[in-house]
Amino acid sequence: MKITLKDGSVKEYPGAMSVIDIARDISEGLARMACVGEVDGETVDLRTVLEKDCSLNILTARDTEGLAALRHSASHVMAQAVKRLYPSAKLAIGPSIADGFYYDIDFETPLVAEDMEKIEGEMKKIVKEALPIERFTLPREEAIALMKEKEEPYKVELIEDLPEGEEISFYKQGEFTDLCAGPHLMSTREIGKAYKLTSIAGAYWRGNEHNKMLTRIYATAFSKKEELEAYITMMEEAKKRDHRKLGRELGLFMMHDAGPGFPFFLPKGMVLKNTLLDYWREIHKKAGYVEIATPIILNRSLWETSGHWDHYKNNMYTTLIDEEDYAIKPMNCPGGILVYASEPRSYRDLPLRVGELGLVHRHEKSGQLHGLMRVRCFTQDDAHIFMMPEQIKDEIKGVAKLINDVYTLFGFQYHVELSTRPEDSMGSDEDWEMATEGLRSALDELGLDYVVNEGDGAFYGPKIDFHLVDAIGRTWQCGTIQLDFQLPQRFELEYVGADGEKHRPIMIHRVAFGSIERFIGILIEHFAGAFPTWLAPVQAKVLPISDKYMDYAKKVTGQLEEAGIRVELDTRSEKIGYKIREAQMQKIPYMLVVGQKEEEEQAVAVRSRFLGDEGQKDLKDFIASVKKEIETKEARKVEVNAGK
């Protein structure tokens, strides 16, 4: 038997060998660190026995799949601890996720904070017991009988929903057995000590709000304590930066029970939003885009033609008008297509770059709503580019440059993913291959590093996704470029080529911000509410030392307003220290203290969020410097108290 390793070397064995034994043969150190194996691209248990030639990669917790296996095993330990402490609890599902793992459990009485400590304590005992984790399979009826015997109705339901003939596997550790496809570590000891229960939430069984509400216990696990400590520190910082908390404190937006998932923007939030939209219009005009606006409600026939009625209807809000079905748009693209089709087009018109700041509505389950990050209505900064095949690469490069410019301005680093054809898709293999290769070759020519995300494209075409990294290391998917051969065909779009014949254009769907609302939420957390001056809803606040200097304070305020600087005047009869502290809490870039000396010298005493006390400055000089900072969208780097 020949085993080809990741480095290309080949190991030969006279007979069958388990993955863990091969790992030991390579290196005892590797065997100690190993979590799972990857055999011919499939992730498997270390206990898996190999019997024929194959490729093998030993994965540790440094690998995504290895860390996922460690966390999945930790979720089983947590479930075992729960069953020891609360025998009547019923288990649902417990997968690993991006930042850790969770388990949905049906408890007779609600959990409290002290319960989390008890569960962690019991987990510690189970890890110390070093219980072997063993896999076994059962026929369907025996599997159902086992879970009925253990009084686990959710597991029974899961088994009953599996296709006939599906292998039904279980994992056992000590007295605990769980329905699971795996893979898992070899024993509970290998989970180590770097795990922590983080929070409790409600979760409907199978995500359906008509089902019972279960308790979801969130947790995380790492291979090293230092990694866990770094994660906890990051989460504590994230709490300080929570956009829902800061949005309320800074008067940016609110949510209301009258419309769950439908955000209300407050006056300062509208200033922030409109400043972003002004910037969007500025860069798109320079890049050769025209702007349109299309209706929010369009009829069913249009959505059937676009494919949304068949592929996306569960997320769409519908209504009846004159006894005809209509839908509130979940996406802007069909409207943009109708604009393209509204008049004859020539090859001389292409590429046609059409932008739209369109309000879209999508039905999200109530349990998934989260501030501005997950809402039911949002403004999408869409653009649709109609082009000829030979223009694909240049247009993709242009979009990638624009997105890079946007993220660089806000100080985001990012990485790129190429997402390929999903199972639920439309169109021919040839079109998909051509579209995917078009994106791939553009990325290669740009010299952008990217990873391939198999099967995660849109139903009408492959896409490039931009995942930005914020100030505390979290990743957000915002920008996207989607290449589409399908909708131009379905809507029978045409242009007259240089040869005088009719041809079909190719279409790019793309966003830079994505959802404006979500991007604002990300910006709030990225900057901890301390926005760069050009973006801040209030750029300066004038603080008179006492009412005696109110007239001069009003004069300063007026001059700032005339210069286009967003300014507020604090007219309250409070002590100056109090006024300064409040302005700092509001994260205002500049606080201008005025008293007798400032009035005599036509100056302002400047306190900034960047350097603290900057001393007295001539009013005209201060205005000139701030105007320049705003116009150039400069981000002053040295900040104090930004995270408070």
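- Side-chain atoms of Ser515 never come within 3.5 Å of backbone atoms of Phe378 as a donor-acceptor pair (strictly under, hydrogens ignored).
- Taking 4.5 Å as the limit, every side-chain heavy atom of Val538 sits out of range of all side-chain heavy atoms of Gln586.
- Using a 4.5 Å cut-off on side-chain heavy atoms (C-beta onward), Phe176 and Leu131 make no contact.
- We find the SG-NZ distance between Cys180 and Lys172 to be 15.5 Å, quoted to the nearest 0.5 Å.
- Taking all atoms of both residues into account, the shortest heavy-atom contact from Ser223 to Ala61 is CB-CB, 3.5 Å.
- At least one side-chain heavy atom of Met255 sits less than 4.5 Å from a side-chain heavy atom of Pro263.
- Of the candidates Asp63, Leu67, Leu185, Cys35 forms a side chain to side chain contact (heavy atoms under 4.5 Å, CB included) with just one, namely Leu185.
- Of the possible polar contacts, one joining the Glu525 side chain to the His243 backbone as a donor-acceptor pair under 3.5 Å is found.
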Exercise for review: Under the side chain to side chain contact (heavy atoms under 4.5 Å, CB included) rule, what do His415 and Thr475 come out as? Steps first, then yes or no, please.
Suggested key: CA-CA 9 Å; His415 67 267; Thr475 304; 3.6 Å; yes

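- The environment of NZ in Lys83 is crowded: more than 12 heavy-atom neighbours from other residues, nucleotides or ligands sit within 6.0 Å.
- Below 30°, between 30° and 60°, or above 60°: for Tyr317 and Phe262 the angle between ring planes is between 30° and 60°, a tilted geometry.
- Ring orientation note: the planes of Phe527 and Phe531 are nearly perpendicular, at an angle over 60° on the 30°/60° scale.
- More than 12 heavy-atom neighbours from other residues, nucleotides or ligands sit within 6.0 angstrom of CD on Gln368.
- Relative orientation of the Phe519 and Phe410 rings is perpendicular, given thresholds of 30° and 60° on the angle between their planes.
- Arg609 places a side-chain N or O within 3.5 Å of a backbone atom of Lys587 that can act as its donor or acceptor partner.
- Checking side-chain atoms of Thr420 against main-chain N and O of Gly455 turns up a donor-acceptor pair under 3.5 Å.
- Between Phe101 and His72, the ring centre distance reaches or exceeds 6.0 Å.
- In this structure the side chain of Leu272 never reaches within 4.5 angstrom of the side chain of Thr275, judged on heavy atoms.
- In this structure, His76 NE2 and Tyr171 OH are separated by 8.5 Å, a value rounded to the nearest 0.5 Å.
- Annotation: side chain to side chain contact (heavy atoms under 4.5 Å, CB included) contacts of Asp424 (sequence neighbours excluded): His311.
- Here the straight-line distance linking atom CG of Leu302 with atom CD of Glu304 works out to 9.5 Å at 0.5 Å rounding.
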Review point. Which is it for Glu517 and Arg362 under the salt bridge (charged side-chain N to carboxylate O under 4.0 Å, His left out) test, yes or no, and what are the steps along the way?
Key: CA-CA 14 Å; Glu517 284 71 9; Arg362 300 179 186 177; over 6 Å; no

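- Here the closest non-hydrogen pair linking Met373 and Trp476 is CE-CH2, 3.5 Å.
- A donor-acceptor distance shorter than 3.5 angstrom exists from the side chain of Glu152 to the backbone of Leu91, with no hydrogens or angles considered.
- For the pair Arg71 and Phe222, the cation sits on the ring face: its NZ or CZ lies under 6.0 Å from the ring centre, inside 45° of the axis.
- Evaluated for a side chain to side chain contact (heavy atoms under 4.5 Å, CB included) with Ile168, the options Ile159, Ile144, Thr137, Leu138 yield exactly one hit, Ile159.
- The two atoms that bring Cys333 and His308 nearest to each other are SG-CE1, 4.1 Å, heavy atoms only.
- Counting only heavy atoms from C-beta outward, the side chains of Asp104 and Tyr154 never approach each other to under 4.5 Å.
- Ring geometry, Phe412 versus Tyr407: the interplanar angle exceeds 60°, so the pair is classed perpendicular (tilted spans 30 to 60°).
- Of all heavy-atom pairs spanning Gly207 and Lys365, the tightest one is O-CD, 2.9 Å.
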Check your understanding: Passes salt bridge (charged side-chain N to carboxylate O under 4.0 Å, His left out), Lys212 versus Glu157? Steps please.
Key -> CA-CA 14 Å; Lys212 186 170 184 178; Glu157 187 177 328; over 6 Å; no

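- The number of heavy atoms from other shown groups lying within 6.0 Å of CD (Glu129) is above 12.
- Of the inter-residue distances, the one linking His361 atom NE2 with Met316 atom CE reads 12.5 Å to the nearest 0.5 angstrom.
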Exercise for review: Check the pair Arg300, Glu324 against salt bridge (charged side-chain N to carboxylate O under 4.0 Å, His left out), reporting the backbone distance first and the verdict last.
Suggested key: CA-CA 8 Å; Arg300 172 176 176 167; Glu324 184 181 357; over 6 Å; no

Practice item. Evaluate the criterion side chain to side chain donor-acceptor pair (under 3.5 Å) for residue pair Ser73 and Glu190; output intermediate values, then yes/no. Key: CA-CA 9 Å; Ser73 299; Glu190 293 174 24; over 6 Å; no

**Study point:** Chi angles and distances behind the side chain to side chain donor-acceptor pair (under 3.5 Å) call for Glu175, Gln80
**Key:** CA-CA 8 Å; Glu175 82 288 355; Gln80 183 176 12; 3.1 Å; yes

**Study point:** Worked verdict on Asp161 versus Arg206 for salt bridge (charged side-chain N to carboxylate O under 4.0 Å, His left out)
**Key:** CA-CA 12 Å; Asp161 286 351; Arg206 293 191 151 179; 2.4 Å; yes

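- Between the side chain of Arg135 and the backbone N or O of His184, no donor-acceptor pair lies under 3.5 Å.
- Under the 30°/60° scheme for interplanar angles, the aromatic rings of Phe107 and Tyr86 are found to stand perpendicular.
- Remark: the backbone N or O of Leu357 is not paired with any side-chain donor or acceptor of Asp381 at under 3.5 angstrom.
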